[in-house]
Each structure stands twice: as C-alpha cells, then as structure tokens.
Amino acid sequence: MNILSYIMEEILDPTNIIEGERYEFLLELDIDEEDELFQEGGIDARVIVSKKEDAYAIVTYFLIAKRDQSYLEFALEEDEEEEILAFCKEHILAGE
C-alpha cells in the first residue's frame, strides 16, 4: 500500500468538548492487485487523527471505493494503520 496523494484539514471544536487537536485526512491509496482491499478505480481512506500533547492516534477511518463512493467493510491490518498514522503525524508536524 502506498499513499499517492492527500488532503489534510484541522477539525475545529468551538465547544472545546474534544481535548487536543483533530485532523481529517483524505488519502488516495495505491493498493496492489493481489491485496484483498484492491478495488477497480481505486480506494480512498478518510482518517481522523488526534493529537494531544505529543501523542498521536487514529480516532477512526473509513475506506471508500472511488468508483461509486461506497464505504467498504474492510479493516486495515495493524502495520497498515501504523503506516498511515506515521504519514499523518509527519504531515501534521510539517504543517505546524
């Protein structure tokens, strides 16, 4: 799995109910044809990442088939989640 492109946006919480910062990423994923996640037309991942002090975590994510914008009922493997979190953390830090 490779990340081809991304869009990052900070999610603002004017009520201050959520502690720390939240970021939404829309990632365009390049999935190998042999992978069970592979979809004709490609896959995007919508990922919400939290940052509280120096701790980063994936709050939630959704996998979306690009051809019809349907949500996929797949979960990423742990190493894939770690790869995505590292990518997001790098781009959050670069944006600060």
Side-chain angles (χ1 to χ4, degrees):
M1 174 181 70
N2 293 311
I3 299 170
L4 300 175
S5 65
Y6 76 97
I7 298 171
M8 178 181 89
E9 183 177 327
E10 185 173 1
I11 301 170
L12 301 177
D13 177 22
T15 62
N16 291 320
I17 293 173
I18 300 172
E19 289 186 44
E21 301 167 24
R22 296 285 188 271
Y23 296 87
E24 178 178 19
F25 285 80
L26 183 59
L27 308 173
E28 180 182 7
L29 304 179
D30 179 29
I31 307 291
D32 186 270
E33 287 185 31
E34 302 299 318
D35 193 306
E36 67 179 298
L37 284 176
F38 180 79
Q39 298 279 314
E40 280 296 326
I43 292 180
D44 288 333
R46 182 174 169 242
V47 183
I48 307 296
V49 176
S50 68
K51 176 186 179 237
K52 186 174 177 188
E53 297 176 12
D54 292 330
Y56 294 80
I58 293 177
V59 176
T60 191
Y61 65 87
F62 304 95
L63 301 174
I64 305 162
K66 289 173 74 170
R67 73 171 166 227
D68 63 3
Q69 297 299 302
S70 64
Y71 288 90
L72 303 174
E73 296 293 326
F74 289 101
L76 296 172
E77 295 181 8
E78 188 174 323
D79 62 324
E80 294 170 326
E81 287 184 16
E82 290 170 4
E83 181 181 343
I84 286 176
L85 181 58
F87 177 91
C88 294
K89 179 180 176 182
E90 176 183 328
H91 287 86
I92 292 168
L93 289 170
E96 294 181 334

Within a strict 4.5 Å, meaning less than it, do heavy atoms of the [X] and [Y] side chains meet?
{"X": "Ile64", "Y": "Gln69", "result": "yes"}
{"X": "Arg22", "Y": "Val59", "result": "yes"}
{"X": "Phe87", "Y": "His91", "result": "yes"}
{"X": "Val47", "Y": "Leu27", "result": "yes"}
{"X": "Asp30", "Y": "Ile3", "result": "no"}
{"X": "Ile48", "Y": "Ile11", "result": "yes"}
{"X": "Leu26", "Y": "Tyr6", "result": "no"}
{"X": "Gln39", "Y": "Lys66", "result": "no"}

Mind checking the [atom1]-[atom2] spacing from [X] to [Y]? Nearest 0.5 Å is all I need.
{"X": "Thr60", "Y": "Glu24", "atom1": "OG1", "atom2": "CD", "result": "11.0 Å"}
{"X": "Leu76", "Y": "Leu63", "atom1": "CG", "atom2": "CG", "result": "5.0 Å"}
{"X": "Ile92", "Y": "Glu90", "atom1": "CD1", "atom2": "CD", "result": "11.0 Å"}
{"X": "Ile84", "Y": "Lys89", "atom1": "CD1", "atom2": "NZ", "result": "16.0 Å"}
{"X": "Leu93", "Y": "Cys88", "atom1": "CG", "atom2": "SG", "result": "11.0 Å"}
{"X": "Ile31", "Y": "Asn2", "atom1": "CD1", "atom2": "CG", "result": "8.5 Å"}

Backbone N/O of Leu37 and side chain of Asp35: donor-acceptor pair under 3.5 Å: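 Pair found, side chain donor or acceptor close to backbone of Leu37.
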
Taking Glu80 for the side chain and Glu77 for the main chain, is one N or O donor matched with an acceptor at less than 3.5 Å?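 Indeed, once roles are kept as given, a pair shorter than 3.5 Å links the two residues.
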
Look at the side-chain heavy atoms of Ile, Leu, Val, Met, Phe, Trp and Tyr, link any pair under 4.5 Å apart, and say whether Leu72 and Ile58 land in one connected group. yes

Taking every non-hydrogen atom, the tightest pair across Glu28 and Asp44: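 Between these two residues, the closest heavy atoms are CA-OD1, 3.4 Å.
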
Flag the pair Tyr61 / Phe25 as yes when their ring centroid distance falls below 6.0 Å, and as no otherwise.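 No: the rings miss the under 6.0 Å criterion.
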
Answer yes or no: does atom NZ of Lys52 have more than 12 heavy-atom neighbours from other residues, nucleotides or ligands under 6.0 Å? no

Take Glu21 and Tyr23 through the test side chain to side chain donor-acceptor pair (under 3.5 Å) and record every step on the way to the result. CA-CA 7 Å; Glu21 301 167 24; Tyr23 296 87; 2.4 Å; yes

